[in-house]
Amino acid sequence: MIYEGKIIHTPFLEDRTIDINTLTAFFKKEYEHAGIDPADIHTGAVIITGESAKRQNAPQIAEALSKDAGKLVAATAGPNFESLLAAMGSGQPPDQKITGRLYCPAT
């Protein structure tokens with residue numbers, strides 16, 4: 001791992017849109033802290049999910065961030081995809097669906 005960035009809540013404006021200025025400033029600051037030039041990014045993704053995906057400017061936000069942050073794929077998806085991403089990131093093995101057994105890694 002090169003850098004572990006901060007996590008923030010998606011900033012929403014009163015008109016129920018996502019605040020692109022706050023997000024852009026956040027990402028620029030994180031790239032600076034990491035010592036990474038966005039032009040050096042060759043792969044990655046911007047995925048907007050859940051409540052953020054419901055905002056009227058979500059597709060425009062995904063596209064704007066993907067342009068500002070390097071060569072990234074941009075997508076928006078609803079709450080079902082957000083749940084899937086959370087499950088995939090949990091370390092749950094792929095056979096859990098078949099066996100019905102939950103996986104709990106030793107700590």
Is there a side-chain contact between K6 and E30 in this structure, where contact means two heavy atoms from C-beta onward sitting under 4.5 Å apart?
yes
NZ (K54) and CD1 (I48) are apart, to the nearest 0.5 Å, by 14.5 Å
Contact between I18 and F12 at the side-chain level, heavy atoms closer than 4.5 Å - yes or no?
yes
Using a strict threshold of under 4.0 Å (side-chain N to carboxylate O), is an ion pair present between E32 and K29?
no
Can you check whether D37 reaches Y31 side chain to side chain, under 4.5 Å on heavy atoms?
no
Nearest 0.5 Å, please: how far is CD in Q56 from CD1 in I61?
10.5 Å
If we ignore hydrogens and angles and just use 3.5 Å, is the side chain of T17 paired with the main-chain N or O of L13 as donor and acceptor?
no
For R16 and R55, which heavy atoms make the closest approach, and how far apart are they?
O-CD, 3.0 Å
Straight-line distance of N57 CG to D15 CG, nearest 0.5 Å:
7.5 Å
How long is the straight-line distance from CZ of F27 back to OG1 of T22, given to the nearest 0.5 Å?
11.5 Å
If you take all heavy atoms of S52 and A58, which pair is closest and at what distance?
O-CB, 3.4 Å
